[in-house]
Asker: 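Quick one: the structure is below, and I'll ask about it shortly.
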Amino acid sequence: MAFKRSSNKLSQAALIKNLVKRCSSIGKKQQQHYDDVPKGHFAVYVGDNRSRYVIPISFLSRPEFQSLLQQAEEEFGFDHDMGLNIPCKEQVFQSLTSFLRF
């Protein structure tokens, strides 16, 4: 079982690394839309209206946020130029991110 956990951590680390790389490349392609994203942060789009949120990269290592990333990958995938879409209601996302800031 220990191998399975290690393998899972490795795949999560690889997912985070690829996601950060993906977010930074999207920013380069559409720089005019990302000028307000401070270093160490990235933009995500949430809810039916695709509201934009700028969140710290440190959220990527949190299990609660990783769950959202897995849902995003399953629903939307990461291979597109439309930014990172998070499939949840805005109110739920706001509650989660306010919890993660502490």
Asker: Quick one: which of Val44, Asp48, Asn49 gives a side chain to side chain contact (heavy atoms under 4.5 Å, CB included) with Val46?
Answerer: Val44
Asker: Report yes if the side chains of Phe42 and Ile57 come closer than 4.5 Å at any heavy-atom pair, otherwise no.
Answerer: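 Yes; the side chains approach each other to less than 4.5 Å.
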Asker: Could you pull out the closest heavy-atom pair between Glu75 and Pro87, with the gap in Å?
Answerer: OE1-CB, 3.3 Å
Asker: When rounded to the nearest 0.5 angstrom, what is the spacing between CG in Leu68 and CG in Leu60?
Answerer: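 One finds 11.0 Å between CG of Leu68 and CG of Leu60.
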Asker: Do Arg62 side-chain atoms and Leu100 backbone N/O form a donor-acceptor pair below 3.5 Å?
Answerer: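 Side chain of Arg62 to backbone of Leu100: a pair is present.
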Asker: Would a 4.5 Å heavy-atom cut-off, applied to side chains only, mark Glu64 and Phe59 as touching?
Answerer: no
Asker: Side chains of Glu73 and Leu84: closer than 4.5 Å at any heavy-atom pair?
Answerer: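 Side chain of Glu73 against side chain of Leu84, heavy atoms only: no contact under 4.5 Å found.
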Asker: Taking C-beta and beyond as the side chain, do Ser51 and Tyr45 meet within less than 4.5 Å on heavy atoms?
Answerer: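 Sidechains of Tyr45 and Ser51: no contact.
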Asker: Measure the acute angle between the ring planes of Phe93 and Tyr53, then classify it against the limits of 30° and 60° as parallel, tilted or perpendicular.
Answerer: tilted
